Amino acid sequence: MNKPPVQTGRLREDLVKEALDVVDWPKLRAHLDAVELSTEDLIELCGHIRRCSDWIAKYPRKSFEAKTG
């Protein structure tokens with residue numbers, strides 16, 4: 001299988017947030033595969049994940065676990 005050429009675009013915040021909100025791994029993976037991640041991009045991605053309150057919780061939440069399971 002031939003991989004599509006790597007695009008040197010930037011992370012799209014709207015696409016990342018949407019994929020994280022609905023736990024759409026294929027959509028997020030396709031976007032990450034389509035861009036060449038620099039160190040700055042990785043830091044930005046971690047920031048998106050950190051700001052997404054559903055992904056970082058002090059205590060386990062059954063409703064979120066059911067969403068990802």
Side-chain angles (χ1 to χ4, degrees):
M1 278 188 203
N2 291 334
K3 282 186 163 186
V6 174
Q7 299 172 6
T8 56
R10 300 269 308 152
L11 280 175
R12 287 187 41 205
E13 182 177 357
D14 60 330
L15 195 147
V16 170
K17 282 183 170 183
E18 181 180 323
L20 290 173
D21 285 344
V22 297
V23 192
D24 187 344
W25 295 125
K27 183 175 189 172
L28 181 59
R29 173 77 188 260
H31 179 57
L32 295 177
D33 286 346
V35 297
E36 187 174 321
L37 288 177
S38 66
T39 301
E40 292 80 20
D41 291 330
L42 185 56
I43 290 169
E44 183 178 344
L45 176 62
C46 290
H48 293 317
I49 293 169
R50 188 172 52 246
R51 286 185 296 277
C52 183
S53 62
D54 283 346
W55 285 96
I56 298 178
K58 292 181 181 180
Y59 305 101
R61 293 192 341 240
K62 296 291 184 195
S63 62
F64 183 73
E65 290 175 14
K67 190 175 179 182
T68 63

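Everything quoted here is computed from the prediction, not taken from an experiment. Heavy-atom basis, side chains included; hydrogens, waters and symmetry copies ignored.
- With respect to Lys17 and Asp21, no salt bridge is recorded, no charged nitrogen being found less than 4.0 Å from a carboxylate O.
- With values rounded to the nearest 0.5 angstrom, Asp41 atom CG is found 4.5 Å from Leu11 atom CG.
- With rounding to the nearest 0.5 angstrom, the NZ atom of Lys27 is 11.0 Å from the CG atom of Leu20.
- By the side chain to side chain contact (heavy atoms under 4.5 Å, CB included) test, Arg12 pairs with Asp14, Leu15, His31, sequence neighbours left out.
- The salt bridge (Lys or Arg N to Asp or Glu O under 4.0 Å) check on Asp24 picks up nothing, with sequence neighbours excluded.
- The shortest side-chain heavy-atom distance between Leu45 and Ile43 does not fall under the 4.5 Å cut-off.
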